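Treat the numbers as computed from the prediction; the structure is a model and nothing was measured. In what follows, every heavy atom counts, from backbone to side chain, and hydrogens, waters and symmetry copies are set aside.
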Amino acid sequence: MKKLLLIALTALSGQSYAQSLAANVMPDGSRDIFVGLAVAAAPNYEGRQERKATLMPILQMQWSNGIFIADPYTAGMHLSSNPEIEFGPLLQYQPGRTASEAEKAAGGSDISAALNAGGFFNYYLNDKLRFNTSLLHANGGGLMAKLDVQKIFGQIVPHHTLATSGGIVWANRDYTEKYFGILPTLLLSGSGSEGFSPTNKTSTDYSASAGIKDVHLGVNWNWEISASVLLTSGVSAVHLTNSAARSPLVSQRNYLTIHSGLAYRF
């Protein structure tokens, strides 16, 4: 179970995509829990140059009945008894977005938080290499699918473990319009029902389409300081593509997110 933090710290690295914990065989009635705190640095939201550093909780739990909490925003349940295959339902809370004045000037708007529901399917090629897939449906009709390949290198030196991952995210039009589109009604209203305040008179409406939203790579490193204390750090690189990258709201197609924190295992 020590590889859990290598698998599911995507929320800390700025990626809001669901990952499942490894479905290791656990004795009946048992559980595994990590709790801690991390510092994360990421853009204010996808595609913006403005960045923020925040403290974020590390929270991972898994029970022998298959229920797990992968991070403070994601929970699910393993339904497979096959060690090579993982699948089950997922719930994910997606925080809202409050646009700054500069972001509103570019055409951005405030976006309410959403509860995403869907499922995951993972396939192990071996105990250190697996394919991760998930499909999530959000309030308002947004649909997002993720495909990743993940490689765990194990202990490269005693007490140090490394993992890498890479993949793509596909989103439907409802999702890309919500996060990357600019509605004509907002441009004309002067105030905007979603908190939009157009100060840039050169802004025009922009309609985003369905397609591959981004390509991403990530590296995560764990240092097992003791049997109960873990230092976990990581970096991820994201490249926005297609209509998401062409949006007037995007000032930076390529961006990095980093995180580092301490977790205690109960």
Closest non-hydrogen atom pair, [X] against [Y]:
X: Ser112; Y: Lys178; value: O-NZ, 4.2 Å
X: Ala210; Y: Thr176; value: N-OG1, 4.2 Å
X: Ala263; Y: Phe34; value: CB-CD2, 4.3 Å
X: Ser260; Y: Ser233; value: OG-OG, 2.8 Å
X: Leu256; Y: Ala237; value: CD2-CB, 3.5 Å
X: Asn122; Y: Phe120; value: ND2-CD1, 3.8 Å

Checking one residue: Ile168. Which other hydrophobic residues are in its cluster under the side-chain 4.5 Å linking rule? Leu135, Leu143, Leu147, Trp170, Ile212, Val215

How does the hydrophobic cluster around Leu91 look, that is, which other residues are in it when side-chain heavy atoms under 4.5 Å mark a link? none

For Ser209, does its backbone N or O pair with a side-chain atom of Ser243 as donor and acceptor, under 3.5 Å?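 Yes, Ser243 side chain to Ser209 backbone: donor-acceptor pair under 3.5 Å.
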
Side chain to side chain contact (heavy atoms under 4.5 Å, CB included) involving [X] - partner list, sequence neighbours excluded:
X: Val219; result: Leu162, Thr164, Val235
X: Lys52; result: Asn44, Thr54
X: Ala244; result: Phe180, Lys213
X: Phe121; result: Ile85, Phe87, Tyr123, Thr133

Is any side-chain heavy atom of [X] less than 4.5 Å from a side-chain heavy atom of [Y]?
X: Arg130; Y: Glu86; answer: yes
X: His259; Y: Asn220; answer: yes
X: Ser165; Y: Leu217; answer: no
X: Tyr73; Y: Pro95; answer: yes
X: Val238; Y: Arg253; answer: no
X: Lys146; Y: His216; answer: yes
X: Ile225; Y: Leu230; answer: no
X: Phe266; Y: Met61; answer: no

Could you walk me through whether Leu90 and Thr74 satisfy the side chain to side chain contact (heavy atoms under 4.5 Å, CB included) test, starting with their C-alpha distance in whole Å, then the side-chain angles of each, then the deciding distance to 0.1 Å, before giving a yes or no? CA-CA 7 Å; Leu90 272 179; Thr74 308; 3.9 Å; yes

Shared hydrophobic cluster, Leu231 / Val35 (ILVMFWY, side-chain heavy atoms < 4.5 Å): yes

With sequence neighbours left out, what residues match [X] under side-chain hydrogen bond (donor to acceptor under 3.5 Å, both in side chains)?
X: His159; value: none
X: Thr241; value: none
X: Asn65; value: none

For [X] and [Y], does a side-chain donor sit closer than 3.5 Å to a side-chain acceptor?
X: Gln94; Y: Asn116; result: yes
X: Gln49; Y: Tyr255; result: no
X: Asn222; Y: Thr232; result: yes
X: Arg173; Y: Ser207; result: yes

Which value, rounded to the nearest 0.5 Å, describes the distance between [X] atom [atom1] and [Y] atom [atom2]?
X: Leu115; Y: Gln92; atom1: CG; atom2: CD; value: 9.0 Å
X: His137; Y: Asn172; atom1: NE2; atom2: CG; value: 7.5 Å
X: Ile58; Y: Leu262; atom1: CD1; atom2: CG; value: 7.5 Å
X: Ile182; Y: Glu177; atom1: CD1; atom2: CD; value: 10.0 Å

Identify, with sequence neighbours excluded, every residue that meets ring pair (Phe, Tyr, Trp, His ring centres under 6.0 Å) alongside [X].
X: Tyr93; result: none
X: His160; result: Trp221, Trp223
X: Tyr179; result: Tyr175

Taking side-chain contact (heavy atoms from CB on, under 4.5 Å) as the criterion, tell me which of Asp148, Asp214, Leu240 meets it with Val169.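 It is Asp214, the one option of Asp148, Asp214, Leu240 that forms the side-chain contact (heavy atoms from CB on, under 4.5 Å) with Val169.
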
Evaluate salt bridge (charged side-chain N to carboxylate O under 4.0 Å, His left out) for Arg265 paired with Asp32, printing each intermediate quantity in order. CA-CA 8 Å; Arg265 185 184 187 190; Asp32 207 25; 2.9 Å; yes

